[in-house]
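The structure appears below as structure tokens.
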Amino acid sequence: MQASQESETSSGFHSFYNRPVQQVEPYGISTFQVLNNNSTSSKSQGSGFSFQTYTEQFFTLESTPATDFAAYNSPSAVSVSSSRSPFSPQGSHSYGSDLHHSSDNTYGSPLSGSSGVEDENKLMHALWVLRNELLGPESDTDDSGSFNGIVTQPSPFTRYNRILEMAPHMDLKQLLVACAEIVSEADTISFSDRQVAVSAAEALMEILEKQVSVSGEPLQRLGAYMLEGLRARLLSSGSIIYKKLKCKEPTSSELMSYMHVLYQICPYYKFAYMSANVVIGEAMENENRIHVIDFQIAQGSQWVSFIQALSRRAGGPPYIRITGIDDAQSAHARGGGLDLVGQRLAQVAKSCGVPFEFHGAAMSGCDVQLENLQVRHGEALAVNFPYILHHMPDESVNTMNHRDRLLRLVKSLSPKVVTLVEQESNTNTSTFFQRFCETLDYYTAMFESIDAARAREDRQRISAEEHCVARDVVNIIACEGTERVERHELFGKWRLRLMMAGFSPVQLSPSVGIAIRDMLKEYSSNYRLAEGHGALYLGWKNRALATSSAWR
């Protein structure tokens, strides 16, 4: 991505998004104002939305009637997640049931390495195996019907048999959903029926393998990884999954390269950095001593532009102290501990003449206690949660409920501002099947946005999706309990959690939206920016993908 000329808002933080980075630092119902990338404005009426320069409806909240997207709000206590979000600084879990392949395998799923139409004879053979080996020769009778006026349901075999008969006429999305539904049933039915479900699911997977490709269209690429998730879930559950999924981890330099590709071609990380930097910069405009606690410091790149902007403050720069929290996974991507981040930021501050101090807390956010944050009297405090809070288990997973505990801890520090950036997805307490459908919808939009920036045969794109996105998809689908660490919630739920912890929303100034809109000029016009309930929504076409909000 070519760097554009610097353009600054009055606060000076806008310029960060127009600068190239040496090391990627990935990871960050009322009328909505939708912001576009140019200054021409026009308006259209519809669904309570106000538009500028385009007329396509862009819904954002879970309560907004959706035309292309269903938001699932199941009361189930099942919680979900993935090892690392594509918005996270790095991922460490692998994502396939046998992913020893390399990115050279660009045709077919990671397991099959081929594509094409399912052979009719092979499909009929699968049906024959189900009928004769599992249920015996009598199984060809249809046991559905009525008895004394009561309609009876067909047996699992009959239903699965019908699905397999229709499979050759289904499109890829229908096949994925049908397979997920059968896998979902396999989790709850009796052992004998489960054998039938497993065989039916495996037959569908044989068909799916011929229709997916890591170098194909967005849905074909996503389908390859969702197929691996379904396969892994069918094989096992819980911690055993990871033993089956483990493959060779990329080296730190390789992982940094993959993340850098995503950083260049997608605006999601810049959206997080820019919105938080502008908000924090404006909140600290008149402060002489500033303390920033970053719960996902990663490479620390977000704060380079922050320090540089404050160095130009009239009357001299303030004293800046940053506490960076990170775990061993980030250390792997960096190729070293938090001392590397501190050294880098200290050099930047010195070159700018800014008094600076860095404190590293090498731990998971779940382990953070008050003493780890080193809060001092007389410092204006800002806390940053960039695509990280959803990694904390909540009440549906752990009685400690670290998600709400952290929010209460931060509130007790009386911060001047708290910034929260999260994925706009509902996969925390949904049932497995609802979670699958939500993941399919969400990541289809994300893969489409990646597709708009890089050629489908691009090896770097394939590796970036494989190591920074696909593992999350598989973890969301394959894992349960504590093994799921990507527990996304919609902004409405985050808002409720924050308000219950005692926070109040901070209205974002127009300069935040202006800065992001300018940044989006470097990307596809299909990216959308909307405002609602005090938050900014970044979306692809009609699908909201991330939200940014501020609290005090």
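Because the structure is predicted, anything quoted here is derived from the model rather than measured.
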| task | List the steps and the verdict of side chain to side chain contact (heavy atoms under 4.5 Å, CB included) for Val410 and Phe295. | result | CA-CA 11 Å; Val410 169; Phe295 272 82; 4.2 Å; yes
Examine distances only and state if a side-chain atom of [X] and a backbone atom of [Y] form a donor-acceptor pair shorter than 3.5 Å.
X: Ser351; Y: Val348; result: yes
X: Arg221; Y: Phe447; result: yes
X: Arg543; Y: Gly539; result: no
X: Arg435; Y: Asn428; result: no
X: Asp326; Y: Ala298; result: yes
X: Arg405; Y: Cys366; result: yes
X: Asn277; Y: Gln302; result: yes
X: Arg344; Y: Gln299; result: yes
X: Asn372; Y: Gln369; result: yes

| said: Is a donor from one side chain sitting under 3.5 angstrom from an acceptor on the other, for Trp540 and Glu448? | reply: yes
| message | Hydrogens and angles aside, do Ser509 and Glu282 bring a side-chain donor and acceptor to less than 3.5 Å of each other? | response | yes
| request: Walk me through it: do Leu370 and Leu413 pass the test side chain to side chain contact (heavy atoms under 4.5 Å, CB included)? | output: CA-CA 9 Å; Leu370 177 61; Leu413 305 178; 3.3 Å; yes
| task | Test Arg517 against Leu520 for side chain to side chain contact (heavy atoms under 4.5 Å, CB included), laying out the working first. | result | CA-CA 5 Å; Arg517 181 183 60 191; Leu520 288 178; 5.7 Å; no
Roughly how far, to the nearest 0.5 Å, is [atom2] of [Y] from [atom1] of [X]?
X: Ile516; Y: Leu529; atom1: CD1; atom2: CG; answer: 5.5 Å
X: Glu522; Y: Gln264; atom1: CD; atom2: CD; answer: 11.0 Å
X: Ser525; Y: Lys541; atom1: OG; atom2: NZ; answer: 9.5 Å
X: Ser549; Y: Leu420; atom1: OG; atom2: CG; answer: 4.5 Å
X: His359; Y: Ile293; atom1: NE2; atom2: CD1; answer: 9.0 Å
X: Ile280; Y: Asn384; atom1: CD1; atom2: CG; answer: 5.0 Å

Is the shortest heavy-atom distance from the side chain of [X] to the side chain of [Y] under 4.5 Å?
X: Trp303; Y: Val341; answer: no
X: Trp551; Y: Arg495; answer: yes
X: Ile477; Y: Tyr225; answer: no

| field | Cation-pi check, Lys411 onto Phe503 ring (under 6.0 Å, within 45° of axis) | value | yes
| Salt-bridge contact Glu489-Arg497 (side-chain N to carboxylate O under 4.0 Å) | yes
Would you call the rings of [X] and [Y] parallel, tilted or perpendicular, taking 30° and 60° as the class edges?
X: Tyr523; Y: Tyr527; value: perpendicular
X: Tyr263; Y: Tyr269; value: parallel
X: Tyr442; Y: His488; value: parallel

| message | Which residues pass the side-chain hydrogen bond (donor to acceptor under 3.5 Å, both in side chains) test with Thr444, not counting sequence neighbours? | response | none
| remark: The side-chain hydrogen bond (donor to acceptor under 3.5 Å, both in side chains) partners of Thr547 (sequence neighbours excluded) come to none
For residues 284-291, which side-chain donor-acceptor pairs fall under 3.5 Å, sequence neighbours excluded?
unit_1, atom_1, unit_2, atom_2, d
Glu287, OE2, Lys416, NZ, 2.6
His291, ND1, Arg321, NH2, 3.2
His291, NE2, Thr323, OG1, 2.8

| field | Candidate pair Tyr319 and Glu357, rule side chain to side chain donor-acceptor pair (under 3.5 Å), full reasoning | value | CA-CA 8 Å; Tyr319 175 90; Glu357 182 181 345; 2.3 Å; yes
| field | Minimum heavy-atom distance between Gly324 and Leu338, given as atom pair plus value | value | O-CD1, 3.5 Å
| field | Contact summary for Ser275 and Val421, nearest pair of heavy atoms | value | OG-CG2, 4.0 Å
| Do Asp404 and Asp394 pass the side chain to side chain contact (heavy atoms under 4.5 Å, CB included) test, and can you show the C-alpha distance, the side-chain angles, and the key distance before you say yes or no? | CA-CA 7 Å; Asp404 290 341; Asp394 70 350; 5.8 Å; no
